[in-house]
A.B. asks: 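This is the structure, below, for whatever I ask next.
So that the names make sense, note that chain A is the first sequence line, chain B the second, and so on, each numbered from 1.
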Amino acid sequence: MTLDSQADLRESGSADALLRVEDARCAIPTGRGDVKALGGVDLELRAGEVLGVVGESGSGKSTLAGFIIGALAPGAQSTGSVILEGQDLRSLPSETARRVRGRRIGIVFQDPMMALNPVVPIGRQVTEAAMFNLGLSRAEAKAKAVGLLRQVGIPDPERRLRHYPHQFSGGMRQRITIAMALVCDPDILIADEPTTALDVTVQRQILDLLARLARERSLAMIMVSHDLSVIAGRTDTIAVMYGGYVVESGPTVEVFRNPRHPYTRALLRAIPRIDGSRHARLEAIPGSPPDLTLLGTGCPFAPRCPNALPLCADVMPAVSHPHGGRTLRCHNPVPEGA
Amino acid sequence: MPLLEVSDLTKRFKVPGGSVEAVSGVSFSLERGETLALVGESGCGKSTTGRALLGAPGPDEGTIVLDGVTLSDRAASRRRDVQMIFQDARASLNPRRRVRDLVAEGLRIAGVPRAETRTRVDAMLRAVGLDPDRVGDRRAAEFSGGQCQRIAIARAMVMEPQVLVCDEPVASLDVSVQAQVVNLLQDMKESYGLAMLFISHDLSVVRSISDRVAVMYLGRVVEIGGVDELYENPGHPYTRALLDSVPAPDPAAPSRGAALTGDLPSPMSPPSGCRFRTRCPLAQDVCATETPTLRRTAAGQLAACHFSELVAA
Amino acid sequence: MTATAPPTRPSTRTLHTVTVPRRRHAGRRIALVVSVTWIALLATLALVADLLPLPGIDEPVGGPSLPPFSGEGPLLGTDAIGRDVATRLIYGIRISLAVGIGATVIALVIGVLLGLIAANARGKIEALINVLADTVLSFPPLLLLMALATVVVPGVPTLVFALGFLFVPPFLRLTRSAALAQMNRDYITAARTLGAGRARIVFRELLPNSIQPVVSYAVVVIAVIIVIEGSLSFLGVGVPPPAPSWGSMIASGKDNLSRAPYLIVAPSLMIFLTVLSFNTVGDHLRRRLSGTGAA
Amino acid sequence: MRATRIRSRPALARAAHLAAVVLLVTLAATALTDLMPGSPGSVILGPGATAQQIADFDAAHGYDQPLFARYVQWLGAALTGDLGTSIQTNQPVAEVLLQRLPVTLELTVLALLLSLLIAVPAAVYAASRANGVFDRIMSSLASGFLSIPVFVVGVVLVYVLAVSTRWFPVAGWAPLSAGLGENLRFAFVPVLALALGEFPAFYRLLRGDVITTLREDFVRTATVRGLPRAYILLRHVLRPSSFSLITVAAVAFGRLLAGSIVIESLFALPGLGSLALQSIPAKDVPMIQGIVVLVAVTYVLINAAVDIAYTFLDPRTRR
Amino acid sequence: ACSTSGDPAPAGPASATGDPVAGGDATIILGVEAVRGLDPALLFNLTPSGDANRMAAIYDVLFWSDASTGEVHGQLGDSLEPDVDGTVWTMSLHPDIVFTDGTPLDAAAVVANYERIQDPATASPLAGLLEGATFAVVDETTLTIELTEPNLQFDKIVATSFTHIGSPTAMAEDPDYANNPVGAGPFVLEEWVRDDHMTLVRNPDYFQEGLPYLDSITFTPLRDPTQRINTVQTGAAHAAVPGSELAFKQAATDAGLALTTAPAGGGPVLMFNTQTAPFNDLRARQAVQLALNIDELTSVVDPGSSAPDSLYGPESAFHPGDSIFVEHDAEAAQALFSELAADGNPVSFTVTMPQSGFFTRTAEYLQSRLAQYDDVTVQIETLDNATLDERVFRKQDYQMSAQIVPVTDPEPNLAKLLQTGGQTNYMGFSDPELDAALDSGRASVDEKERTAAYATVEEIVVAQVPILPIRNQESFTVHAKSLHGLTLHGDGSLLYDRLWLNAE
Ligand SMILES: Nc1ncnc2c1ncn2[C@@H]1O[C@H](COP(=O)(O)OP(=O)(O)OP(=O)(O)O)[C@@H](O)[C@H]1O
Ligand SMILES: Nc1ncnc2c1ncn2[C@@H]1O[C@H](COP(=O)(O)OP(=O)(O)OP(=O)(O)O)[C@@H](O)[C@H]1O
Ligand SMILES: [Mg+2]
Ligand SMILES: [Mg+2]
């Protein structure tokens with residue numbers, strides 16, 4: 001599928017989206033006030049597509065992932081819908097929705113140490129979901145787990161099923177959580193910062209592994225990261241988040257080549273480059289990320305934005321659709337090709 | 001004579017079930033005004049090396065000579081000439097104390113008069129971009145990560161050190177803020193003529209800030225040299241793998257080389273000979289028996305590999 | 001596990017913990033307000049008891065064991081000797097709070113000091129402190145109190161010191177583990193690299209940062225000790241008469257349970273409400289300070 | 001992950017620690033009885049005895065010697081297993097202790113089990129529905145029982161369960177040899193009284209820890225994988241939440257072993273508590289020392305056992 | 001006499017249920033364990049709630065004194081007669097009594113018991129009472145006891161202190177005799193689990209044919225008085241001795257239980273230490289005597305009990321008829337207090353009491369009532385028994401304290417209490433006139449002379465106030481309605497041969 005035809009479909013309000021998030025909003029009450037973690041996010045994922053969600057800490061990436069998989073912070077108030085193959089998961093009874101998600105969506109979290117129960121052998125952790133969701137017998141589930149662990153690169157998986165998470169290195173733990181996410185043969189894999197806790201060399205291994213698995217299993221994948229470099233080479237489309245909004249999205253190549261939102265642009269410039277020159281001054285973005293409890297009605301980036309108009313402080317721009325399958329939320333975008 | 005001369009630094013830790021040699025025989029030197037980066041994967045001994053310079057804790061073996069004076073555990077006053085910025089800025093600031101007190105602490109201990117302390121502290125706060133009147137009486141917990149890092153920098157710089165050890169100062173910061181802090185450190189270094197030991201696992205940041213780079217693997221320095229030479233022509237397969245693993249912020253960039261296989265071996269029982277051999281694509285039998293020493297490569301840096309000339313290929 | 005942790009990015013974890021919907025706080029906040037009010041009321045009453053128009057604690061005001069709210073005799077009735085129950089309850093505040101707070105303060109001061117020393121010294125001194133703590137813990141507490149009651153004149157000071165002594169180990173351990181958790185923090189290292197001496201580090205850096213869990217625990221200990229004092233009276237090693245501690249009022253009313261049950265109801269209620277209040281406050285402090293146990 | 005994780009100490013250090021504690025505890029017990037007014041002779045022989053009689057008695061039992069000499073003597077004998085003879089009853093101390101221990105031990109173990117049986121399910125359920133109706137009720141109950149001296153609970157239970165309904169005996173004890181049913185019938189009320197005093201601490205602790213564990217990422221992972229709630233609570237949450245509970249339960253065990261004096265006296269149970277209650281006023285030094293050693297050794301051993309139990313509960317402490 | 005039964009043939013309410021029937025197992029709750037064993041030479045806690053009941057069941061009694069009147073009756077013994085001046089006493093025993101180990105309980109056995117008590121090696125607390133006495137076996141059932149000085153009331157001493165006779169063989173052979181007592185009583189010790197129960201079974205060789213009625217008796221110690229009554233109430237036991245507090249009578253009646261009581265003289269008395277200030281001054285003692293309203297004290301401190309109107313019990317031959325006790329007079333008391341204060345000796349003292357409910361309440365009562373007078377201050381100190389023994393009884397380091405002195409007959413307890421140097425004269429009180437009166441009461445054969453002597457004693461006590469009686473003594477046992485044949489002797493323990501149960 002070429003980029004162009006993808007873009008066309010998108011514009012026509014594609015019916016073939018595997019997963020659609022519509023107007024996701026989420027507010028988390030805290031002692032200091034409500035955190036508006038999501039301000040109204042729309043997203044689409046097609047079968048076999050890899051979508052990168054990028055943004056700085058606190059921009060709402062994990063909340064978005066939580067919104068999709070139905071695991072928001074306790075007490076969070078949310079509206080919007082998650083439509084999986086035409087079915088709104090959020091309108092299903094919670095028990096049913098959870099089972100559907102367990103079956104169809106797998107998720108890998110940032111910190112593999114945290115995501116694994118330290119006192120349960122990994123064999124059980126990998127197999128249990130298959131037993132509950134697919135109704136496999138213990139032996140079947142075990143066989144499946146062994147196969148999966150081998151696939152993600154754990155040597156000698158039969159023996160290691162009995163081991164506990166702390167007996168594995170960080171990279172191996174992350175491989176195990178990937179195996180856990182895949183055990184029910186989901187259609188969608190969500191990876192929330194899957195390599196942030198890992199070293200560069202291991203990060204490379206894991207990213208390669210995810211890419212391979214997505215290809216082999218024709219998985220649709222949402223890859224969440226704060227690191228544009230990680231997203232850059234490994235996604236088909238990208239959504240840039242800031243302050244609880246997707247400020248810009250579109251085919252990865254397009255967005256990198258021609259960022260329209262001032263934030264995306266500044267972000268790209270602020271990244272130090274390994275091939276850059278010595279003592280090159282980085283282009284910092286002044287100010288600091290927004291406090292989501294104090295968010296007004298305007299654009300959250302406005303206080304730091306070089307292009308800000310008076311309007312920006314008060315009115316959140318609506319989603320616009322420049323051509324090429326892109327979306328943009330900006331009153332005063334960077335001119336195309338600038 | 002270099003400002004700082006570190007030779008054969010070794011540090012062991014007792015851990016349940018044995019001991020870890022976190023740093024084994026590390027040597028390097030640092031000139032005035034120079035920035036040396038220490039890179040390597042998690043657990044390779046970067047922080048331990050950095051902390052050893054401050055005696056927190058001091059090394060088990062090896063010597064550290066600062067400006068001709070050997071730093072022993074007792075030379076406390078000289079130690080103030082080495083200051084440190086920690087990875088997690090917030091954790092390095094006592095959450096119950098006010099910003100002004102935090103920054104003034106070292107001067108007070110050193111017995112600087114009250115009035116002078118005050119002026120120096122305020123000046124330094126301003127230098128790092130904080131308004132002393134606005135932030136001076138607040139507590140560290142109320143600040144963002146970037147601001148905390150500024151406070152930590154002020155606390156270190158107010159002591160007018162000769163050497164600043166920065167232990168992953170930007171690793172915990174957001175990209176947009178990271179650039180601010182890196183720039184601030186650059187400015188500081190230039191205006192105070194500091195020598196800096198910059199510890200990082202982020203090769204991109206290292207490239208932009210340092211003059212020379214030392215690559216560590218499992219407690220040893222495997223390669224050390226000028227930043228450009230090392231990045232362009234790595235003399236050690238590990239350096240090479242590290243560089244290849246860094247993703248480029250460009251969808252069009254081709255991924256380079258093959259990924260390393262395997263994980264970091266346990267530091268409690270490092271492999272014999274060359275410690276990298278278990279993951280090295282070039283490993284031969286000799287690597288298991290003979291520990292390679294640092295040798296000058298064609299590009300001019302020092303690398304500890306039996307086959308450094310094959311790395312570039 | 002600290003040292004091998006790879007560099008991580010800032011996490012929202014710290015923020016997540018404070019997440020509790022506000023509406024659900026309402027009931028708890030009311031409980032907290034009521035508790036604090038109750039403790040404040042008790043404290044006030046204890047302070048001004050002498051100024052109130054009350055009969056003496058040892059002064060008969062009517063027949064023995066008059067029921068409360070009966071119209072005859074004083075409002076809350078009289079005890080077995082004919083003394084005013086209300087008066088004795090109010091003066092009982094002094095004793096129960098003195099014992100609870102006094103013993104806790106002693107335990108806290110000694111425990112925190114030893115805990116900090118243990119955390120700092122490690123090695124032999126720490127082992128010695130551990131032995132002492134376990135010695136106290138493994139000595140049967142009631143045996144100690146009973147034996148002590150025969151050695152020294154029983155009374156509030158004795159009780160305060162003995163109970164305080166018994167509660168040193170938990171404070172010691174709590175402080176030590178809190179301090180140990182802080183010891184590895186970089187702000188301690190930072191202070192050290194600035195040349196701070198040991199005392200400065202212990203009292204300026206360590207103490208203020210490890211004292212919080214200790215303080216919220218202390219509030220709970222006050223409650224525990226108030227209840228223990230009640231049980232001691234049953235064994236005759238509590239506060240000696242005529243001092244009216246709530247525990248001794250219950251103990252002396254117990255034999256009359258079938259005929260004058262109200263004699264144990266009033267002091268029991270006082271203990272109950274007070275202990276509940278201290279627990280509520282303690283819970284609140286713990287939640288505020290640690291962020292755990294919320295929801 | 002949780003601070004209560006204890007690294008297992010080397011066996012030798014642990015043994016030295018145990019020995020030091022037991023030495024100190026017994027020395028303290030000896031010294032304490034020494035401080036008590038009167039000598040064993042004056043207590044045993046009563047007010048009518050002459051000074052000479054008392055002195056003779058004390059000399060015969062070795063109480064004319066200085067404290068330390070007596071302690072060393074006692075210690076020497078104790079190391080050979082001879083804990084001496086009770087001054088008061090003339091029975092061998094070790095024998096009496098062996099006779100008393102089963103009662104107190106049964107009481108302690110049952111009370112601990114019962115309180116855990118109440119606390120654990122309640123805490124897990126309450127935590128999984130934090131702030132729900134059940135949680136509120138249980139929390140109030142726990143606070144309530146925390147606020148009542150144990151003897152008041154005992155007296156009320158006697159009224160409700162024994163005097164008015166006659167379901168259970170008022171007091172007394174039936175040994176296991178009298179049949180399990182009979183034994184439990186007598187044990188129930190005192191055990192319940194003790195358990196009601198202990199469960200609130202367990203409940204509150206576990207509830208808090210479960211709530212903390214429920215926030216762990218691995219629980220979230222388990223949830224989003226579609227695992228049933230009850231399964232998650234049992235398989236994933238309970239065990240990692242129970243470390244502090246075990247520590248506290250061990251401490252409670254020691255406390256109950258030494259501290260059920262009130263309940264033993266109220267219910268006339270022939271355990272260590274009533275023994276202590278008789279021995280202290282009588283200055284029965286060998287008996288007091290015996291009780292203290294027994295309790296202290298049990299306490300230290302239990303704690304050592306808990307250290308070892310961590311290894312089984314928490315694989316991370318295993319080598 | 002006892003209210004339910006006094007004569008061997010039960011009278012009163014119990015007889016309504018018919019004649020005694022044999023069989024049945026009774027459980028009796030006592031307050032404390034026989035901690036130190038049951039050696040009659042080492043009698044310690046010879047109170048009804050302590051060892052006296054156990055001893056009576058195992059050893060029976062040679063002679064017993066009626067708990068109300070003090071009259072002495074024979075049981076194992078037939079007669080105990082003095083010579084003219086009461087120096088030599090002749091005791092005759094029932095023939096053919098055997099201990100349960102088969103050895104005979106004869107004159108020699110009694111002598112062996114008494115000589116053992118005298119032996120310093122035994123360290124018997126009773127030794128003082130037999131000091132200098134000599135014994136002679138006349139024949140198998142007869143012996144004589146020669147005292148160092150005349151005592152016509154020695155039979156009462158025998159009935160209270162030397163009435164339990166153990167097997168001399170067993171005593172000599174068993175080093176642990178105290179834990180394995182052998183007597184000739186109606187019951188034999190079968191099993192004893194300390195602090196739990198002591199089971200006694202019927203002695204088949206008991207000297208009275210057909211007795212005892214019961215098959216077994218179980219004694220259970222229970223420290224808490226309320227729990228003792230609860231146990232009887234729930235049917236788990238047949239009788240309980242709740243202790244010295246009379247308030248429990250009411251509780252027992254409310255619970256539908258029967259009571260057997262024996263009102264006697266004496267009882268709890270306040271003791272003034274006449275050797276130290278302030279009570280070395282008679283006026284101080286008198287002031288307290290006047291200041292207290294004993295009627296009120298009694299009703300407050302121990303509801304259900306009565307105030308004493310004499311040293312001697314209502315049934316005693318020595319009761320004066322009209323009380324000569326001083327009436328409560330607040331004004332006179334205040335006058336004395338003020339006078340003493342004016343002299344520079346204000347009445348300020350500490351009352352030292354045992355840690356039991358009754359005495360603690362008494363102290364609190366005292367403090368609260370004296371607080372209403374000017375120039376008096378009272379401090380309270382409660383001590384455990386061991387410390388109390390040491391401080392009050394041994395060292396007499398106190399100002400005011402209390403003890404219970406049952407006076408069913410003035411001999412021996414009143415004499416021990418009041419005579420100069422008397423065994424329980426912890427007041428350090430000494431009055432020659434009183435000593436003379438006591439001597440004459442003891443040595444006199446003439447009832448008139450005795451009456452006069454004890455009237456003098458009472459007058460002196462009222463005038464000199466070494467002690468202040470504060471409550472009538474009344475022994476009582478709470479029991480199920482099915483238990484019959486309760487006879488209270490001594491301080492209120494039972495005679496076990498005649499107890500019986502009817503099947504309910
Ligand atoms: N449980 C919670 N309680 C309170 N605030 C929360 C909670 N979870 C998220 N937030 C807040 O919601 C906002 C979005 O958080 P989210 O975790 O989605 O960000 P993120 O982009 O994933 O950040 P990171 O890169 O740090 O993981 C942040 O401001 C965060 O502080
Ligand atoms: N206090 C300590 N006690 C025990 N082991 C330690 C201690 N400090 C460091 N180590 C061990 O020493 C080795 C080197 O640690 P160090 O912190 O220096 O690594 P690093 O290169 O700074 O890693 P990172 O990038 O994760 O910060 C690791 O294996 C670590 O486990
Ligand atoms: Mg996130
Ligand atoms: Mg480090």
Side-chain angles (χ1 to χ4, degrees), chain A residues 55-59 153 168-172 195 197-209 226-235 238 251-257 263 266-289 291 304, chain B residues 35 39-44 143-147 170 172-184 186-187 201-211 226-228 231 238 241-255 257-266 279:
Chain A
E56 290 183 87
S57 181
S59 57
F168 294 87
S169 71
M172 281 163 107
T195 57
L198 306 174
D199 280 312
V200 260
T201 57
V202 182
Q203 163 172 318
R204 168 92 188 269
Q205 296 169 3
I206 297 291
L207 291 174
D208 287 352
L209 171 67
H226 69 281
D227 188 346
L228 273 175
S229 316
V230 165
I231 298 285
R234 301 184 181 270
T235 55
I238 183 176
T252 310
V253 180
E254 291 295 313
V255 173
F256 270 78
R257 188 191 312 142
Y263 171 67
L267 198 59
L268 279 169
R269 294 204 174 156
I271 306 173
R273 295 180 155 256
I274 192 160
D275 50 3
S277 68
R278 178 130 71 104
H279 297 309
R281 250 188 115 72
L282 298 175
E283 288 187 41
I285 307 177
S288 51
D291 181 341
R304 303 171 80 186
Chain B
T35 299
V39 302
E41 283 178 291
S42 180
C44 68
F143 294 91
S144 72
Q147 284 169 313
V170 293
S172 63
L173 301 181
D174 269 321
V175 214
S176 67
V177 183
Q178 188 173 322
Q180 301 171 358
V181 173
V182 169
N183 289 344
L184 173 63
Q186 290 269 43
D187 296 345
H201 67 281
D202 186 336
L203 292 155
S204 315
V205 173
V206 164
R207 172 129 214 194
S208 70
I209 198 169
S210 46
D211 303 306
V227 65
D228 290 331
Y231 275 56
Y238 176 64
L242 267 186
L243 291 167
D244 285 352
S245 301
V246 179
D250 179 359
S255 67
L260 272 187
T261 54
D263 299 302
L264 211 59
S266 157
R279 301 169 78 191

A.B. asks: With a 4.5 angstrom heavy-atom cut-off, is it the side chain or the backbone of B/D244 that approaches chain A, or both, or neither?
C.D. replies: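 For B/D244, heavy atoms of backbone and side chain both lie under 4.5 Å from chain A.
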A.B. asks: Mark yes or no for whether B/Q180, through its side chain, and A/I285, through its backbone, hold a donor-acceptor pair below 3.5 Å.
C.D. replies: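 Yes; judged by distance alone, with no hydrogens or angles, the pair exists.
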A.B. asks: For the residue pair A/T201 and B/R279, what are the closest heavy atoms and their distance?
C.D. replies: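 In terms of heavy atoms, the two residues are closest at OG1-NH2, 3.3 Å.
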A.B. asks: If you compare all heavy atoms of A/A232 against all heavy atoms of B/P249, which two are closest, and at what distance to 0.1 Å?
C.D. replies: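 Closest approach of A/A232 to B/P249, heavy atoms only: CB-C, 3.8 Å.
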A.B. asks: Examine whether an atom of A/T252 lies under 4.5 Å from a heavy atom of chain B, and if so say whether it belongs to the side chain, the backbone or both; otherwise answer neither.
C.D. replies: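 Answer is both: backbone and side chain atoms of A/T252 are under 4.5 Å from chain B.
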A.B. asks: Given B/V175, which of A/L267, A/L228, A/D227 fulfils the side-chain contact (heavy atoms from CB on, under 4.5 Å) condition?
C.D. replies: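 Single pass found, and it is A/L267.
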A.B. asks: For the candidates B/A241, B/P251, B/A179, B/A248, which exhibits the highest count of non-hydrogen atom pairs separated by less than 4.5 Å from chain A?
C.D. replies: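 Sorted descending by pairs with chain A, the first entry is B/P251.
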A.B. asks: Can you tell me which portion of B/V205 sits under 4.5 Å from chain A's heavy atoms? Options are side chain, backbone, both or neither.
C.D. replies: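 Looking at B/V205, backbone and side chain both touch chain A.
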A.B. asks: Measuring from atom NE2 of B/H201 to atom CG of A/L198, what distance do you get when rounded to the nearest 0.5 angstrom?
C.D. replies: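 Result: 10.5 Å between the selected atoms.
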A.B. asks: Taking the side chain as C-beta and beyond, is there a heavy-atom pair between A/P289 and B/D174 under 4.5 Å?
C.D. replies: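 Result yes, sub-4.5 Å side-chain heavy-atom pair found.
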A.B. asks: Got a sec, which residues hit side chain to side chain donor-acceptor pair (under 3.5 Å) with A/R304, two or more places apart in sequence or on another chain?
C.D. replies: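 Listed in chain order: A/Y242, B/S176.
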A.B. asks: Measuring from atom CG of B/L242 to atom CZ of A/R204, what distance do you get when rounded to the nearest 0.5 angstrom?
C.D. replies: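 Going from CG on B/L242 over to CZ on A/R204, the span is 11.5 Å.
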A.B. asks: Please classify the contact between B/A252 and chain A as side chain, backbone, both or neither, with a heavy-atom cut-off of under 4.5 Å.
C.D. replies: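 Contact with chain A: none, neither part.
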A.B. asks: Drop me the distance from A/L207's CG to B/S245's OG, to the nearest 0.5 angstrom.
C.D. replies: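 OG of B/S245 is found 10.0 Å from CG of A/L207.
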A.B. asks: Please look at B/S266 and chain A and tell me whether the side chain, the backbone, both or neither of the residue comes under 4.5 angstrom of a heavy atom of that chain.
C.D. replies: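 Neither part.
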A.B. asks: Which bit of B/Q178 comes within less than 4.5 Å of chain A, counting heavy atoms only: side chain, backbone, both or neither?
C.D. replies: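 The side chain, not the backbone.
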A.B. asks: Chain B: which of A/A284, A/G171, A/S229, A/S169 shares the most heavy-atom pairs with it under 4.5 Å?
C.D. replies: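 Looking at each of A/A284, A/G171, A/S229, A/S169 in turn, A/S229 comes out on top.
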